[in-house]
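Worth knowing before you read on, the calculation uses all heavy atoms, side chains too, and leaves out hydrogens, waters and symmetry mates. The residues of the chain are indexed from 1 along the displayed sequence. Since the structure is predicted, the reported quantities are computational estimates derived from the model, not experimental observations.
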Amino acid sequence: LHIAILASILSLIIYWIIRDRHRVRYLNGKHVFITGCDTGLGSSLAKWLDKKGFCVIAACATEKGSQELRSCSSLSLKTVNLNLADSDSIARAVVFVTEQTAGKGLFGLVSNAEGTAPIGPTDWLSIEDFHSALDVSLLGLIEITLKLLPLLKKAEGRVVNLINAKGLTAFVGGGYNLSKWGMEAFSDTLRIEMQHFGVKISIVEHGFFKEEEVNSDIIEKNLFKLWNRLTPEIRDSYGEKYLVE
């Protein structure tokens, strides 16, 4: 019994030593760029890292989001406008990050933004509906990651892609689920390739946060909107009963 207790204590000590060796030290001067900081997880993470002493560069889709974030953060936190569906906007944000890091490289890139995605049966949707999610949550994420890789390699930094785990179960049509599976594949491939440069790639799969919970009334409203634009042939193939059920 005594040997078992001593072994458990020794195991805990070894675990603490290994854990502490992986803890990031000397946070001041380390730049972290976070997308999707208007509200929710992105905003909370930006505030938390700012308090920890990181040099946070927060990307917001709206000026309102930028102002609210700056009003409750330190002066070292910087914001930049970013539309991940627009290559020109991405290019401007990359220039801003390059200027802010001032030759030090980028310690961290956290991708959090999600595109709006209509939810419904696949043949109720148009290709534009797929683009509304994929252009932001997948293609936009890929584009900004590619353009920031030189800065990440310079600092031997890390990429953290936040993925809603609910999107990894293909229970509904549209681009939302496709973007999540695509993010997983992109991250896994990049992780292998970037090992050579000392850049770490991580995936954090999270659930819904309280402020991001899906409103059933909004889903129902969007379903009726999709239904009303269907051709008579598709409506007839489903029938009115399908919609109300």
Side-chain angles (χ1 to χ4, degrees), residues 27 29-50 52-117 131-164 175 179-180 182-183 186-187 190 194 197 199-204 212:
L27 307 183
K30 287 182 167 62
H31 289 81
V32 179
F33 179 57
I34 310 170
T35 67
C37 292
D38 291 83
T39 58
L41 180 56
S43 177
S44 299
L45 180 61
K47 294 171 188 174
W48 186 77
L49 291 179
D50 177 55
K52 288 289 182 180
F54 284 98
C55 297
V56 176
I57 307 170
C60 298
T62 65
E63 183 57 33
K64 179 183 177 182
S66 296
Q67 291 176 353
E68 289 180 351
L69 187 56
R70 287 196 302 266
S71 69
C72 55
S73 304
S74 74
L75 293 176
S76 67
L77 183 143
K78 308 297 182 183
T79 61
V80 61
N81 181 266
L82 177 63
N83 176 5
L84 281 173
D86 181 358
S87 292
D88 291 336
S89 178
I90 290 174
R92 288 191 294 270
V94 170
V95 169
F96 183 81
V97 173
T98 304
E99 292 172 348
Q100 290 297 315
T101 54
K104 298 177 182 179
L106 185 61
F107 179 78
L109 165 62
V110 182
S111 292
N112 170 59
E114 292 190 345
T116 56
H131 275 297
S132 66
L134 295 174
D135 287 351
V136 173
S137 298
L138 181 58
L139 298 178
L141 173 145
I142 292 173
E143 184 173 356
I144 199 161
T145 302
L146 293 177
K147 290 186 175 179
L148 289 173
L149 279 179
L151 294 179
L152 290 159
K153 289 158 99 174
K154 188 167 188 175
E156 293 190 357
R158 64 266 302 128
V159 176
V160 180
N161 289 329
L162 305 180
I163 301 176
N164 194 319
S179 70
K180 303 311 167 192
M183 286 171 67
F186 175 71
S187 302
L190 196 63
M194 288 295 111
F197 302 98
V199 176
K200 299 177 178 65
I201 314 295
S202 301
I203 299 170
V204 176
E212 297 171 342

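The shortest distance between side-chain heavy atoms of Glu143 and Leu139 does not fall below 4.5 Å. By the 4.5 Å heavy-atom criterion applied to side chains, Phe197 and Leu152 are not counted as neighbours. Under the 4.5 Å side-chain criterion, counting only non-hydrogen atoms from C-beta, Val80 is not in contact with Arg92. The shortest distance between side-chain heavy atoms of Leu84 and Asp135 does not fall below 4.5 Å. Looking only at side-chain heavy atoms (C-beta outward), Lys78 and Cys55 stay at 4.5 Å or farther from each other. Between Cys72 and Lys47 the shortest side-chain heavy-atom distance falls below 4.5 Å.
Minimum heavy-atom separation, Ser74 to Asp50: OG-OD1, 2.6 Å. Between Arg158 and Glu156, the closest heavy-atom pair is NH1-O, 3.6 Å. Considering every non-hydrogen atom in both Cys37 and Gly42, the closest pair reads SG-O, 3.7 Å. Taking both residues in full, the closest heavy atoms of Ser111 and Thr35 are given as CA-OG1, 3.3 Å, listed atom of the first, atom of the second, then distance. Contact detail for Asn112 and Gly36: the closest heavy-atom pair is ND2-O, 2.9 Å. Taking all atoms of both residues into account, the shortest heavy-atom contact from Phe107 to Ala155 is N-CB, 4.2 Å.
To the nearest 0.5 angstrom, Asn161 atom CG is 7.5 Å from Ile201 atom CD1. The OG1 atom of Thr79 lies 6.5 Å from the CD atom of Glu63; values are rounded to the nearest 0.5 Å. Going from atom NZ of Lys153 over to atom CG of Leu151 covers 11.0 Å, rounded to the nearest 0.5 Å.
Between Thr145 and the options Leu148, Ile142, Leu141, a side chain to side chain contact (heavy atoms under 4.5 Å, CB included) holds for only Leu141. For the side chain to side chain contact (heavy atoms under 4.5 Å, CB included) with Thr62, the lone residue among Asp38, Asn83, Thr39 that qualifies is Asp38.
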Could you walk me through whether Phe54 and His31 pass the side chain to side chain contact (heavy atoms under 4.5 Å, CB included) check? CA-CA 6 Å; Phe54 284 98; His31 289 81; over 6 Å; no
Begin from the C-alpha positions of Ile144 and Leu82 and carry the test side chain to side chain contact (heavy atoms under 4.5 Å, CB included) through to its verdict. CA-CA 10 Å; Ile144 199 161; Leu82 177 63; 3.8 Å; yes
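Taking a 6.0 Å sphere around NZ of Lys147, one finds it holds more than 12 heavy atoms contributed by other residues, nucleotides or ligands.
The side chain to side chain contact (heavy atoms under 4.5 Å, CB included) check on Asn81 picks up Ser89, with sequence neighbours excluded.
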N/O donor to acceptor pairs below 3.5 angstrom from side-chain atoms of residues 94-106, sequence neighbours left out:
residue, atom, partner, partner atom, Å
Thr98, OG1, Val94, O, 2.7
Thr101, OG1, Val97, O, 3.0
Thr101, OG1, Thr98, O, 3.1

